[in-house]
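Residue numbers start from 1 in every chain, and the chains themselves are labelled A, B, ... in the order their sequence lines are given, proteins ahead of strands. These figures come from a predicted structure and were not determined experimentally. Side-chain atoms are counted along with the backbone in the values below, which use heavy atoms only and exclude waters and symmetry mates.
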Amino acid sequence: MTVALVDGNNFFVSCERVFNPRLENRPVVVLSNNDGCAIARSEEAKALGVAMGTPWFQMRDLARQHGIVALSSNYALYGDMSDRMMAILAGFAPEQEVYSIDECFLGLDGLAGSELADCGRRIRACVRQWIGIPVCVGIAATKTLAKLANHCAKKCLAGSAGVCDFTRLPAVELDRLLARLPVGAVWGIGPRLARQLGDLGLTTAAALRAADATVLSRRLSVQVGRIVCELNGIACLALEEVAAPQQQIIVSRSFGIPVQGLPELEEAVASYIARAAEKLRRENLRAGMLHVYARSSPHRQDATHYHGSLMLPLATPSADTLVLTRMALDMLRRIYRRGPVYQKAGVALLELSDAAASQASLLPAAPDNAALMQALDHVNARWGRGTLRSAAEGVRQPWQMKRARLTPGYTTAWDELLCVS
DNA sequence: CTATAACTCTCAA
DNA sequence: CTAACGTTGAGAGTTATAG
């Protein structure tokens with residue numbers, strides 16, 4: 001197997017820069033939902049010491065001092081730019097696995113020798129020219145090694161100019177390179193495993209590669225054993241061209257203001273259900289289980305912290321927003337307590353089944369309002385999400401998340417384009 | 001005892 | 001003036017429970 005990992009550089013920031021060139025060469029961060037913390041940073045922002053996940057209020061002084069531009073996340077924009085990028089990348093290989101919003105694996109089995117790095121350079125140039133997004137390319141014999149190669153390309157290690165090909169690297173060179181990478185830089189090694197491996201004296205990627213896969217399988221987990229094999233060029237992870245069927249649909253948000261009352265929570269939960277059910281119908285699925293929760297902020301560690309949660313099966317699987325809403329609101333009323341300051345609520349749809357291949361019920365058929373749901377989805381697709389909604393979702397929605405620094409929907413909304421100066 | 005369900009922990013982007 | 005810290009999804013491993 002020969003595989004490339006293509007990954008957008010500081011993807012969200014790069015998307016913003018495409019439409020606002022004044023952001024070039026400046027420190028820029030994109031904030032998480034609710035303008036909470038930094039989830040993407042330009043190189044300039046990283047150089048100022050802004051760590052991934054830094055809460056916005058904690059870096060405000062630094063931002064003032066250095067003119068850091070902070071933007072609310074604009075997922076409509078990033079999703080659309082991602083679609084364009086993935087379509088371009090699909091043209092470079094017969095097989096593509098879209099792994100996340102900003103990266104994909106490409107199967108390059110037909111190519112060999114210098115063709116691989118050449119292909120990587122063409123990919124980079126093409127994506128940059130066609131949609132303005134800078135990407136880095138890592139090429140290797142397994143997905144885990146390709147991730148590491150990409151990491152090296154991003155860090156400009158081994159003389160890579162945005163493209164790093166491990167397949168032509170002599171074994172000694174590769175070892176020297178991996179010896180400089182901490183074990184936590186390996187795909188699948190998180191903070192906990194890094195600590196456990198460190199206890200065993202394995203602190204670098206090179207050390208992990210040289211370790212005994214069988215022993216680590218037993219001592220730690222089968223995952224680690226697989227990673228060791230992958231680091232040695234033995235592919236354990238296949239390229240997954242078709243995504244496995246979804247197992248759960250989650251919609252959750254932090255509130256823009258502190259919430260104490262049941263009415264606000266009800267509006268929020270009804271809105272999240274509407275969104276989740278919309279996703280459910282788009283995938284032609286139905287939910288057999290419903291999970292609802294509401295909680296206060298875990299960051300304030302006083303005794304008043306509360307997390308209410310309830311998970312219940314549906315009598316019959318459903319994709320009906322109204323059925324799911326009624327049930328979710330019933331569940332919410334059961335977990336609601338007066339007193340706590342709620343900071344977040346969420347819903348999850350579980351036990352998803354194919355709506356087409358449904359199990360017949362012995363019980364009387366539940367109403368599923370299929371025609372109504374279809375009309376609802378049509379109206380909202382044409383006129384925008386939330387145009388047609390249940391009264392339970394509320395009108396003013398004061399609890400909505402903060403997005404004070406949101407940029408226009410440059411690629412998805414004509415009327416917002418008119419605002420661009 | 002085994003098989004499965006339920007739950008927790010970890011990881012990723 | 002003060003307080004303010006994301007979301008979604010998957011998989012593995014452990015514990016509880018049923019038969």
Side-chain angles (χ1 to χ4, degrees), chain A residues 5-12 29-41 50-61 63 70 72-73 75 78-79 82 97-105 143-144 147 150-151 154 183-197 217-227 236-237 240 243-258 272 275-276 279 283 288-289 291 293 295-302 305 307 309-313 341 343-352 401-404:
Chain A
L5 177 74
V6 187
D7 190 322
N9 300 354
N10 321 323
F11 186 68
F12 295 172
V29 300
V30 171
L31 301 175
S32 64
N33 273 347
N34 216 26
D35 292 347
C37 39
I39 55 170
R41 306 154 296 152
V50 177
M52 193 64 154
T54 307
W56 168 233
F57 72 90
Q58 275 177 21
M59 59 190 217
R60 215 147 186 174
D61 285 343
S72 303
S73 37
Y75 284 102
Y78 313 148
S82 173
E97 174 185 338
V98 177
Y99 176 68
S100 75
I101 193 164
D102 78 326
E103 63 188 296
C104 76
F105 291 100
K143 288 164 89 172
T144 305
K147 285 285 268 184
N150 187 280
H151 180 86
K154 285 239 167 92
V183 73
V186 177
W187 190 34
I189 304 297
R192 195 185 101 117
L193 281 172
R195 188 170 45 74
Q196 289 178 334
L197 289 167
S217 268
R218 228 174 321 112
R219 295 268 317 249
L220 295 176
S221 70
V222 291
Q223 309 238 61
V224 178
R226 280 206 276 262
I227 290 169
C236 302
L237 306 171
E240 314 273 2
Q246 213 170 4
Q247 299 178 22
Q248 53 178 357
I249 293 172
I250 300 177
V251 177
S252 65
R253 295 276 179 282
S254 300
F255 302 130
I257 54 167
Y272 302 164
R275 182 80 190 98
K279 291 188 196 182
E283 301 292 322
M289 183 86 83
H291 180 202
Y293 73 87
R295 65 159 171 75
S296 56
S297 170
H299 297 289
R300 305 177 37 175
Q301 55 270 60
D302 46 18
H305 181 58
H307 180 139
S309 168
L310 192 55
M311 182 142 58
L312 286 176
V341 177
Q343 178 247 3
K344 180 177 183 176
V347 303
L349 306 179
L350 310 153
E351 307 266 280
L352 306 186
M401 67 181 178
K402 277 184 283 188
R403 298 177 88 181

Among C/dC5, C/dG6, C/dT8, which is the nearest nucleotide to the side chain of A/Ser252?
-> C/dT8

Below 4.5 Å, heavy atoms only, C-beta onward: do A/Glu283 and A/Leu352 meet side chain to side chain?
-> no

Indicate the atoms forming the closest heavy-atom contact of A/Ile39 with A/Met52, along with that distance.
-> O-CE, 3.0 Å

Result for 5'-nearest mapping on DNA chain C, choosing between A/Arg226 and A/Ile250, is A/Ile250

According to the interplanar angle, ranging from 0 to 90°, do the rings of A/His291 and A/Tyr293 count as parallel (below 30°), tilted (30 to 60°) or perpendicular (above 60°)?
-> tilted

What is the distance, rounded to the nearest whole Å, between atom CE of A/Met52 and atom P of C/dT7?
-> 15 Å

Take atom C1' in C/dG6 and the same atom in B/dC11, then report the distance between them in whole Å.
-> 16 Å

What interatomic distance, in whole Å, is found between P of C/dC5 and the corresponding atom of B/dA12?
-> 25 Å

Rounded to whole Å, CD of A/Glu240 lies from P of C/dA10 at a distance of 13 Å

Using the six-membered ring wherever Trp is involved, compare the ring planes of A/Phe12 and A/Tyr78 and label them parallel, tilted or perpendicular (cut-offs 30° and 60°).
-> parallel

Smallest separation among heavy atoms of A/Gly184 and A/Ala194, with atom names = CA-CB, 4.3 Å

Check every strand shown and say whether A/Ile249 touches a base, only sugar-phosphate, or nothing at a heavy-atom separation below 4.0 Å.
-> sugar-phosphate

Rounded distance in Å - CD1 (A/Ile257) to C1' (C/dA4) | 14 Å

Within this structure, what is the CG-to-P distance between A/Leu350 and B/dA5, rounded to whole angstrom?
-> 14 Å

To the nearest angstrom, how far is A/Arg275 atom CZ from C/dG9 atom C1'?
-> 15 Å

Report yes if some heavy atom in the side chain of A/Lys279 is under 4.5 Å from a heavy atom in the side chain of A/Val251; otherwise report no.
-> yes

pair A/Asn150-A/Glu103: side-chain heavy atoms closer than 4.5 Å | no

Between A/Arg403 and A/Tyr75, which heavy-atom pair has the shortest distance, and what is it?
-> NH2-N, 4.3 Å

Side-chain N or O of A/Arg60 closer than 4.0 Å to phosphate OP1/OP2 of C/dA4 = no

To the nearest angstrom, the CZ-C1' distance between A/Phe57 and C/dG6 comes to 14 Å

Looking only at non-hydrogen atoms, find the nearest pair between A/Val50 and A/Arg41 and report the distance.
-> O-NH1, 2.8 Å

For C/dC5, does OP1 or OP2 lie under 4.0 Å from any side-chain N or O of A/Ser254?
-> no

Indicate the ring-plane relationship of A/Trp187 and A/Phe105, choosing parallel, tilted or perpendicular according to the 30° and 60° boundaries.
-> tilted

Within this structure, what is the OH-to-C1' distance between A/Tyr78 and C/dT8, rounded to whole angstrom?
-> 17 Å

Starting at the 5' end of nucleotides 13-19 of chain C, put B wherever the base has a protein heavy atom under 4.0 Å, S where only the sugar-phosphate does, and a dash everywhere else.
-> S------

Considering non-hydrogen atoms only, spot the tightest contact between A/Gly188 and A/Leu193 and give its length.
-> O-CD1, 3.6 Å

Whichever of A/Gln248 and A/Gln343 has the more 5' nearest nucleotide on DNA chain C, that residue is A/Gln343

Protein proximity profile, nucleotides 6-13 of chain B - base contact B, sugar-phosphate-only contact S, no contact -, cut-off 4.0 Å on heavy atoms = -S--SSSS

Strand DNA chain C as a dot-bracket string - pairs counted if Watson-Crick or G-U with both distances under 3.5 Å, | where the partner lies in another strand | ......|||||||||||||

Can you tell me the distance, in whole Å, between the CG atom of A/Asp61 and the C1' atom of C/dT2?
-> 14 Å

Considering just the side-chain nitrogens and oxygens of A/Gln246, establish if one lies under 4.0 Å of OP1 or OP2 belonging to C/dT8.
-> no

Shortest non-hydrogen separation from A/Glu240 to A/Glu97 and the atoms involved | N-OE1, 2.8 Å

